[in-house]
Number of protein chains: 2
Amino acid sequence: MRLGHITLATVMGQRLVHSWVMARWKPNAPERLAEAALDLFAERGYEATTVAAIAQRAGLTKSTFFRYFADKREVLFGGLTMDQLLAAGIAAAPDSATPLEAVADAFELLGNDVFTPDRRQFSRRRRAVIAANPELQEREALKGLRIGAAMVEALEQRGVPAITARVAAHVASLSLTMAYTRWSEGAEDFADLARRSLTELRAASASF
Amino acid sequence: MRLGHITLATVMGQRLVHSWVMARWKPNAPERLAEAALDLFAERGYEATTVAAIAQRAGLTKSTFFRYFADKREVLFGGLTMDQLLAAGIAAAPDSATPLEAVADAFELLGNDVFTPDRRQFSRRRRAVIAANPELQEREALKGLRIGAAMVEALEQRGVPAITARVAAHVASLSLTMAYTRWSEGAEDFADLARRSLTELRAASASF
DNA sequence: AGAGTGATGTGACCAAGTCTCATCACTGGT
DNA sequence: ACCAGTGATGAGACTTGGTCACATCACTCT
């Protein structure tokens, strides 16, 4: 994003004047698109919302939308890169940590970088929209699989046997889902919720 | 499918004559579409294959395709209704069965009704096509979630506590995936593979 | 014989997604 | 001051997935 000094910028046919900092275009196009999309999805539903309408509300066009998002669904999934964060967190855990302890360490990172309090409201609305639409559930399901696969790989690189890694990653995925649900719907800290759900599941997996 | 006696049938512009049994249309339209689709997906790739091309190879039209399948992807997922089979199997397990034992019983049903030897070749090709395309992976991921949800519900109706049910269902899903992979790629009996993967995972879940 | 019936075909239509090219405010060097 | 980039955006044509209303036509039933 280019910035200049006290200039004029023609944006979407309107002239904008800023006192101190000038932007050639309105900033944060992807963010604006995501918010416009969430608004419209919540108002009219996902199917009844066209990409053109989203772009228009964000003061942009269909072209620009698809420049930032691979498809219409991705506008609700764009920012997140939990795969890498989790992989990094698992890799950084002390050698003495068990698989689930390593996962717990990684979840701390998520609490700091992803599930921050300012995103809770957005996440809550996003969840409601996704819950109402199978197309979006598909995208979320696939993201979940990718996250699980990333955890499996990270655990294997710690020397965890393949099967143990897969079971642990599956349990961790479930734990993540539970913690995320509770986090977005309540007011608690994500890291706390993640710890709690992990211990709950560890206990439950003893009673097969 | 209507049948008559020794008549003529005009099908796709060609006249077909059968000696004993007459069909007004070529039979098994959905099956023919699914096979045509798998052929073309394998040849040219999923994206490069249009629905019109699939329909044409099956001797039908786009309209008919969408009459049988909700969308292009579904042509590879149409037949399976594992949800209900698994739910029924879990419900039918003896009261004394542990969650994973009930799941094991349900897997027997799958071996008899779904993963039969005659479908192995189709499944192998299907898996290869899905592995090559994210859109299809999304659909499969969602089906997996639905199957897991069905197992959770069935387990809860047996009186299994909610959290135990969720963990057990997740482990069962992983087991199902593993067994399915091995079944489609090898030559073994599905029920055997399912039993084996379940015991493997039970053992692995002790070493968190 | 004539009125269904049911699987299929036809064609128009909308929206998702791709692609190529144009625009235009700003930048940086000469 | 000028002029050739540069980069985010727009314009518009095009393909394809998916929907819908309606036509067709061989066969069935009364």
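Per chain, numbering begins at 1; letters A, B, ... match sequence-line order.
- Rounding to whole angstrom units, CG of residue B:Asn28 and P of C:dT8 are separated by 10 Å.
- Side-chain N or O atoms of B:Arg158 include one that pairs as donor or acceptor with a backbone N or O of B:Ala93 at under 3.5 Å.
- Look at CD on A:Gln56: it is 17 Å from P on D:dT9, rounded to the nearest Å.
- For B:Phe65 and C:dG9, the CZ to P distance is 14 Å, given to the nearest whole Å.
- For residues 38-50 of chain A, proximity to DNA chain C is found at A:Thr49, A:Thr50, defined as any non-hydrogen atom under 4.0 angstrom from a strand atom.
- You'll find that the side chain of A:Phe66 is closest to C:dG17, out of C:dT10, C:dC19, C:dG17.
- For the pair A:Arg73 and B:Lys62, both in contact range of DNA chain C, the more 5′-proximal nearest nucleotide belongs to B:Lys62.
- When the C1' atom of C:dA16 is taken as reference, atom CD of B:Glu135 falls 11 Å away, rounded to whole Å.
- Rounded to the nearest 0.5 angstrom, A:Leu33 CG and A:Ile54 CD1 are separated by 8.0 Å.
- Checked by atom type and distance alone, the side chain of A:Thr116 never pairs as donor or acceptor with a backbone atom of A:Asp113 at under 3.5 Å.
- Ring geometry for A:Phe115 against A:Tyr180 counts as tilted: the plane angle lies between 30° and 60°, on a 0 to 90° scale.
- Taking 4.0 angstrom as the limit, B:Thr64 places a side-chain polar atom (N or O) nearer than this to OP1 or OP2 of C:dG9.
- Of the side-chain N and O atoms in A:Tyr68, none sit less than 4.0 angstrom from OP1 or OP2 of D:dA8.
- Here C:dA16 presents its P atom at 17 Å from NZ of B:Lys72, a figure rounded to the nearest Å.
- Remark: the B:Arg67 side chain and the C:dG9 base include a donor-acceptor N/O pair separated by less than 3.5 Å.
- Between the side chain of B:Arg73 and the backbone N or O of B:Leu136, no donor-acceptor pair lies under 3.5 Å.
- Regarding B:Asn133, its CG atom lies at a distance of 12 Å from the P atom of D:dG17, rounded to whole Å.
- Among the protein residues, A:Ala70 comes within range of the sugar-phosphate backbone only, with heavy atoms under 4.0 Å from sugar or phosphate atoms but none that close to a base.
- Using a cut-off of 4.0 Å between Lys/Arg side-chain N and Asp/Glu carboxylate O, A:Lys143 and A:Asp83 are scored as not salt-bridged.
- Proximity of residues 137-146 of chain B to DNA chain C (heavy atom under 4.0 angstrom from any strand atom) is not detected for any residue.
- Of the possible donor and acceptor atoms, one in the side chain of B:Gln137 sits under 3.5 Å from a partner among the backbone N and O of B:Ile130.
- With C:dT10, D:dG18, D:dG10 as the candidates, the nucleotide lying closest to the side chain of B:Asp71 is D:dG18.
- Seen from the ring of B:Phe41, B:Arg126 does not count as a face-on cation partner, given the 6.0 Å and 45° thresholds.
- Screening residues 121-163 of chain B for ring pair (Phe, Tyr, Trp, His ring centres under 6.0 Å) gives no qualifying pairs among residues at least two apart or on separate chains.
- Remark: P of C:dA16 and CD of A:Glu74 are 16 Å apart, rounded to the nearest angstrom.
- For the pair A:Arg120 (side chain) and A:Trp183 (backbone), a donor-acceptor distance under 3.5 Å is present.
- Side-chain proximity of A:Leu60 to the nucleotides D:dG17, C:dT10, D:dT9 is greatest for D:dT9.
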